[in-house]
There are 2 protein chains.
Amino acid sequence: MTFSEENYLKTIYHLMAVSDADISTNAIAEKMETKASSVTDMLKKLAEKELVNYIKYQGVSLTEKGQLAAKMIVRKHRLWETFLVEKLDFSWDEVHDLAEQLEHIKSEKLINKLDDFLGNPTEDPHGDAIPDASGRITKIEKQLLSELEKNRVGICVGVKDTSSDFLKYLDKQEIALGSQIEIIEKESFDSSFRIRVGTKEITISHKIASNIYIK
Amino acid sequence: MTFSEENYLKTIYHLMAVSDADISTNAIAEKMETKASSVTDMLKKLAEKELVNYIKYQGVSLTEKGQLAAKMIVRKHRLWETFLVEKLDFSWDEVHDLAEQLEHIKSEKLINKLDDFLGNPTEDPHGDAIPDASGRITKIEKQLLSELEKNRVGICVGVKDTSSDFLKYLDKQEIALGSQIEIIEKESFDSSFRIRVGTKEITISHKIASNIYIK
DNA sequence: AAATTGTTTTAGACTAGACTAAAAAAATAT
DNA sequence: ATATTTTTTTAGTCTAGTCTAAAACAATTT
Ligand SMILES: [Mn+2]
Ligand SMILES: [Mn+2]
Ligand SMILES: [Mn+2]
Ligand SMILES: [Mn+2]
């Protein structure tokens, strides 16, 4: 499997996790910052290899085989991110682009040894689940901070947006995985939140609140 | 720089370490298991980028810029090999092919952090020197076991052939980096060697002896 | 139901990197 | 010095992956 094929599979996998319905050519093109015509070409190739179910004009979904392949790429991505943060002391906003490269290294043995070396983690530095060697995922129950009621308290267990900008913003506000967060007030006018993080009280926008996972 | 360009540079670098003279198109083709015509195409491209000095029909050599680029690839290769052996418990005959993939990961920061994580090693698992971040190499003085006189004793510090087959043979004979080796007898008829490794006495062919470095 | 708009596919072109076959140049042998 | 062999380059073809522009199809609006 080529890098490009792997990237398409992974993108379809992530889109399927959100949508249920078949994935459209345009959705893939947008997410990958490429053109719809390029996507069509690739879908034909992936269908030929029985990695996706593809019917012209009707969108695409992963086959079992494609699903497993996609999970293995996600597994590698998240294990490498964990390695970079835990062992090489990278911060959580720096690792995604590097993992985009490392996820294409081909070796089951390597990734399984890396898994062991890291102590078989179930979550990556952003709180996302790491599939195990057979593709199984331990679902983490979590909800968006924006869905929490006033006066409730929770622990930050993940982020939805993993962009460097957002993660740096969280660093600045001293919000990290494991931080305790309490909803002090929900402002109905602009849907912003007054929250307590540790001992500090801060105000965050609805957009911020809807990108933080709480348990 | 593409993977392919990097592989050509690295090959030219290794050939230059042996030969002094300019490197021939055929030598590169042979080492890379490709065709001379493909090599010619690539040499033009590398010359365009000022990574090699190339004159039609007269062979090729690395420019300063090309030399540094090649060293950085070698640095990455050898640091990854060290990581795989030291941290992930791979054996020295398994790591080369994996390092061939890993050496193309693009990130100075990653490789420098990996270097620190490993304790800034100066040699890889095969006894080859690891260039530092600026390309400097600490030359290791060593000689081939085959050049050693009778009754001399030395320590195995490296291997010339790093093929899996050869390394596995050494494992079988319990020869590893750090092993003490004494020349008991040199057989003039077939140039074979009678040696003592630790407490064991064994016979090795001239070919074997000329692929082991001793200090 | 027809027209408009949006989406997806097709057709054709381009680049990187590989290949084969033929031509050109260099090296070697006679 | 000429002929032969070997090496290297050129010319042309192929595949993967991308793109633009045009055509085909689907969804919406009037
Ligand atoms: Mn990521
Ligand atoms: Mn992640
Ligand atoms: Mn190696
Ligand atoms: Mn090595």
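In this text the structure is predicted, and so the values were computed from the model without any measurement. Throughout, protein chains are lettered first and strands after them, A, B, ... in sequence-line order, and every chain is numbered starting at 1. Side chains included, hydrogens not; waters and symmetry mates left out as well; all remaining heavy atoms used.
- Note on B/F3: nothing from the nucleic acid sits closer than 4.0 angstrom, heavy atoms only.
- Taking only side-chain nitrogens and oxygens, A/K44 never comes nearer than 4.0 Å to OP1 or OP2 of C/dT9.
- Taking 4.0 angstrom as the limit, B/K35 places none of its side-chain polar atoms (N or O) nearer than this to OP1 or OP2 of C/dA18.
- One finds a side-chain N or O of A/Y54 lying less than 4.0 angstrom from the OP1 or OP2 phosphate oxygen of C/dT9.
- Distance CG (B/D41) to P (D/dC14): 17 Å, rounded to an integer number of Å.
- Geometric assessment of A/K71 against the ring of A/Y13 yields a negative cation-pi assignment under the 6.0 Å and 45° thresholds.
- For C/dA18, one of the phosphate oxygens OP1 or OP2 lies less than 4.0 angstrom from a side-chain nitrogen or oxygen of B/Y8.
- Of the listed nucleotides (C/dC19, C/dT8, D/dT20), C/dT8 has the atom at the smallest distance from the side chain of A/T40.
- Under the side-chain contact (heavy atoms from CB on, under 4.5 Å) criterion, A/E147 pairs with A/Q143, A/L144, sequence neighbours left out.
- Atom NZ of B/K106 sits in a crowded spot, with more than 12 heavy atoms from other residues, nucleotides or ligands closer than 6.0 Å.
- Atoms NZ and CD1, on B/K186 and B/I195 in that order, are 12.0 Å from each other to the nearest 0.5 Å.
- Closest to the B/S37 side chain, of the nucleotides D/dA11, D/dT20, C/dT10, is D/dA11.
- Of the residues in residues 16-26 of chain A, those with a non-hydrogen atom less than 4.0 angstrom from any atom of DNA chain C are A/S24, A/T25, A/N26.
- When the side-chain nitrogen and oxygen atoms of A/S38 are compared with OP1 and OP2 of D/dC19, one or more of them lie within a distance under 4.0 Å.
- Rounded to an integer number of Å, the gap from B/N7 CG to C/dA18 P is 9 Å.
- Within the structure, ring-ring contact (aromatic ring centres under 6.0 Å, His included) pairs that include any residue of residues 95-114 of chain A comprise A/F3-A/H104, A/H77-A/H96 (at least two apart or interchain).
- Comparing D/dT18, C/dT9, D/dT9 by their nearest atom to the side chain of A/Y57 picks out C/dT9.
- A close approach under 4.0 Å does not occur between any side-chain nitrogen or oxygen of A/K56 and OP1 or OP2 of C/dT8.
- The phosphate of C/dA16 (OP1 or OP2) has no side-chain N or O of B/S4 nearer than 4.0 angstrom.
- Atom-to-atom, CD of B/Q58 to P of C/dA27 comes out at 8 Å; the value is rounded to the nearest Å.
- Annotation: cation-pi geometry not satisfied between B/K44 and B/Y54 (NZ/CZ under 6.0 angstrom from ring centroid, within 45° of ring axis).
- For B/I55 and C/dA25, the CD1 to C1' distance is 15 Å, given to the nearest whole Å.
- Note that B/K87 lies in the cation-pi zone of B/F117, set by a 6.0 Å cut-off to the ring centre and a 45° limit from the axis.
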